[in-house]
Amino acid sequence: MARILLEIVTPSKMVVSEEVDIVTAPGVAGEFGVMAHHAPMVAAIKIGELCYRVGDKVEYLAVSGGFCEVSRNRITFLCEAAEKAEDIDVERALKAKERAERRIQEALAKAEKIDLARAQAALQRALARLKVVEHARGGQPR
Ligand code: ATP
């Protein structure tokens, strides 16, 4: 089966560089899938779960916002942060989730829109990390 080169890049490192069968990503306009020889495109990426398959292997990653470009049988994600399931620190994500939930309540009480938006984004990142770990461990496969 023809494959497409997947690259996931953050400001600090190349997280993935691998030929894959299919990649599914959380686009701002909705989830989308890309396989070999896809037409060129660019898309904005939101916080969420990205997954890809190579043969029988399925990998899950948490990604923060960014952009994706498909060109010449290569799909490149430039993301603020991206973690493979095995690199996610669950305790840290649980603490981040609790902190974000507390900040959301505080921001709502004070009607602070900027604090609220930041806390909501932090909550989304924490939830995405927890979901990715759950899926990688076999719970609720997609
Ligand atoms: P925290 O409050 O725990 O730092 P955060 O959502 O604010 O979470 P980010 O700003 O998205 O963190 O990421 C900062 C760096 O830390 C990135 O390199 C990201 O990959 C990494 N990171 C954040 N949370 C985790 C986690 N739970 N497990 C592994 N790496 C993480």
Side-chain angles (χ1 to χ4, degrees), residues 1 3-36 38-142:
M1 184 180 181
R3 290 184 170 155
I4 183 168
L5 177 61
L6 166 66
E7 292 183 335
I8 303 176
V9 186
T10 70
S12 55
K13 66 173 174 173
M14 174 87 84
V15 181
V16 173
S17 177
E18 192 171 351
E19 302 237 325
V20 306
D21 294 328
I22 183 168
V23 52
T24 307
V28 165
E31 191 177 74
F32 62 89
V34 171
M35 299 171 78
H38 194 286
M41 68 159 199
V42 291
I45 302 300
K46 64 181 182 182
I47 296 165
E49 181 182 67
L50 181 151
C51 85
Y52 65 90
R53 186 166 58 76
V54 188
D56 293 338
K57 181 182 84 165
V58 180
E59 295 280 349
Y60 298 89
L61 290 98
V63 290
S64 296
F67 291 91
C68 157
E69 180 187 30
V70 180
S71 172
R72 296 186 204 171
N73 210 33
R74 174 197 302 237
I75 178 165
T76 306
F77 290 86
L78 303 172
C79 295
E80 286 172 31
E83 305 93 34
K84 290 181 180 176
E86 72 235 36
D87 295 328
I88 292 174
D89 178 337
V90 173
E91 279 304 308
R92 177 174 169 180
L94 284 169
K95 281 186 186 150
K97 174 176 174 287
E98 282 168 22
R99 195 163 54 243
E101 285 169 343
R102 203 168 54 242
R103 286 185 180 154
I104 286 171
Q105 292 311 318
E106 289 166 4
L108 284 172
K110 288 188 281 181
E112 286 277 2
K113 284 189 184 164
I114 294 174
D115 289 354
L116 180 61
R118 289 179 59 176
Q120 285 171 332
L123 180 60
Q124 291 309 309
R125 292 194 298 275
L127 291 175
R129 287 171 179 135
L130 294 170
K131 187 166 109 175
V132 160
V133 171
E134 186 183 339
H135 284 167
R137 287 177 180 172
Q140 297 178 28
R142 290 146 55 98

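Order of listing sets the numbers, starting from 1, for every ligand and every atom in it. In what follows, residues are counted from 1 in the order of the sequence shown. Everything numeric in this text was worked out from a predicted model, so none of it was measured.
- Here K95 has no heavy atoms under 4.0 Å from ligand 1, in either its backbone or its side chain.
- For the pair R53/M35, no side-chain contact is recorded, criterion being any heavy-atom separation below 4.5 Å from C-beta on.
- From the protein, the heavy atom lying nearest to atom 18 (O) of ligand 1 is A81 CB, 4.8 Å.
- The protein non-hydrogen atom at the shortest distance from atom 10 (O) of ligand 1 is R125 NE, 4.4 Å.
- Scanning the protein heavy atoms around atom 21 (C) of ligand 1, the nearest turns out to be R92 NH2, 3.8 Å.
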Can you list, pair by pair, the side-chain donor-acceptor contacts under 3.5 Å of residues 103-127, counting residues two or more places apart and other chains?
none

Checklist entry - Please walk me through it: do L61 and Y52 pass side chain to side chain contact (heavy atoms under 4.5 Å, CB included)? => result CA-CA 9 Å; L61 290 98; Y52 65 90; 3.6 Å; yes

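- Using a 4.0 Å threshold on non-hydrogen atoms, atom 16 (O) of ligand 1 counts as touching the protein.
- In this structure, L130 and V90 have side chains that are in contact, with non-hydrogen atoms separated by less than 4.5 Å.
- Residue-level proximity to ligand 1 for D87 is carried by the backbone, the only part with a heavy atom below 4.0 angstrom.
- Proximity to I88 (heavy-atom distance under 4.0 Å) selects the following atoms of ligand 1: 28 (N), 29 (C).
- Between R99 and ligand 1 there is a heavy-atom distance shorter than 4.0 Å.
- Here the rule is side-chain contact (heavy atoms from CB on, under 4.5 Å) with E83, and of T10, I88, V63 only I88 fits it.
- Evaluated for a salt bridge (Lys or Arg N to Asp or Glu O under 4.0 Å) with E18, the options K57, R74, K84 yield exactly one hit, K57.
- Protein heavy atom in closest approach to atom 19 (C) of ligand 1: E83 OE2, 3.2 Å.
- Checking each of I75, V34, V54 against V20 for a side-chain contact (heavy atoms from CB on, under 4.5 Å) leaves exactly one that passes, namely V54.
- Below 30°, between 30° and 60°, or above 60°: for H135 and Y60 the angle between ring planes is between 30° and 60°, a tilted geometry.
- Counting only heavy atoms of the protein, atom 27 (N) of ligand 1 lies nearest to D89 O, 3.0 Å.
- Nearest to atom 13 (O) of ligand 1 among the protein's heavy atoms is R129 NH2, 3.9 Å.
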